[in-house]
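For reference, the structure is listed below as structure tokens.
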Amino acid sequence: MADNVQIVPSVLPCDFGALGADLERLEDAGVDKIQFDVMDGHFVPNLTFGPDIIRSARKYTTLPFEAHLMIYAPENTLERYVEAGCDMIIVHAEATTHLHRTLNQIRDLGAHSAVALNPATPVSAVEYVLDSCDMVLVMTVNPGFGGQAYIKEMESKIVALRTLLETRNLNIPIEVDGGISPKTVTGAAKAGATHLVSGSSIFSSPLGLKEAVAELRELALKARNGSL
Ligand code: DX5
């Protein structure tokens, strides 16, 4: 089981008029990779940005980029996100008709593939595509906006997914996204999540970005090694 804790900022709270500067701040704060929340206004009730914003952001940091495609029919635009500089593409199991094909299309383009599960979607939805995945993202909110409340019921799904991965001897990380904060990170990490996406919590922390990232990492590591 992949056990390297990674802190992954969502760019949703960033100042999109000064995204480059925010990315430099995030790198300085010690994050492990950057998540770009791509939303189409149909799969989720919000509209954010496309590959051109990611392309313009690429030159500001060497950190890995992952595109979280909260869009219908992501298979139609995968190539543009890879060309824009994304190292990983995350597609939703609910948003593509041929998930197995889409995940392998991502790999054929030279990027790492990942599948995301909305809160209502069971682990069984990805049971037959895990060999085509480099990560599984368990949404801990209904996607579309930052600042939502963490759905604690998702922890049993994380446990079920971790058990399935261990049974299949698949050493791929579980990422969680939505409402991750010092109050919720321990439960998600104890359940088996190691990649922790956070937006509003780290950007609004009174500790400042660097300390907020360090705090999340410390809590997650302690939860993973049983000392919490
Ligand atoms: C889906 C988005 C958010 C974001 C994290 O709605 O993907 O989950 O990344 O937002 P916070 O950390 O503010 O819940």
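First listed ligand is number 1; within each ligand, the first listed atom is number 1.
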Under 3.5 Å between some N or O of ligand 1 and some N or O of G147? yes
Under 4.0 Å between heavy atoms, the region of V141 that gets near ligand 1 turns out to be side chain
For D37, take its heavy atoms, then give the atoms of ligand 1 lying under 4.0 Å from any of them. 2 (C), 4 (C), 7 (O), 9 (O)
Can you label the angle between the F49 ring and the F16 ring as parallel, tilted or perpendicular, going by 30° and 60°? perpendicular
Atom CG of N169 with >12 non-hydrogen neighbours under 6.0 angstrom: no
Are any of the N/O atoms on I180, whether in the backbone or the side chain, positioned under 3.5 angstrom from an N/O atom of ligand 1? no
Select one of side chain, backbone, both or neither to describe which atoms of S200 lie under 4.0 Å from any atom of ligand 1, heavy atoms only. both
Test of proximity, S201 against ligand 1: N or O pairs below 3.5 Å: no
Which heavy atom of T102 sits nearest to which heavy atom of L78, and what is that distance? O-CD1, 3.9 Å
Proximal candidate to atom 1 (C) of ligand 1 [heavy atom criterion; set S181, S204, G144]: G144
Which residue pairs satisfy the salt bridge (charged side-chain N to carboxylate O under 4.0 Å, His left out) criterion with at least one member in residues 130-140, sequence neighbours excluded? R107-D134, D131-R168
Tell me the side-chain hydrogen bond (donor to acceptor under 3.5 Å, both in side chains) pairs involving residues 208-217, sequence neighbours left out? D32-R217
Nitrogen or oxygen of M139 less than 3.5 angstrom from that of ligand 1: no
Does the T140 side chain pair with the main chain of G178, one donor and one acceptor, at a distance under 3.5 Å? yes
Establish whether I106 and F65 are linked, either directly or via other cluster members, by ILVMFWY side-chain heavy-atom contacts under 4.5 Å. yes
Backbone or side-chain N or O of G199 under 3.5 Å from ligand 1 N or O: yes
Among all protein heavy atoms, pick out the one at the shortest distance from atom 8 (O) of ligand 1; state its residue, atom name and that distance to 0.1 Å. D177 OD1, 2.6 Å
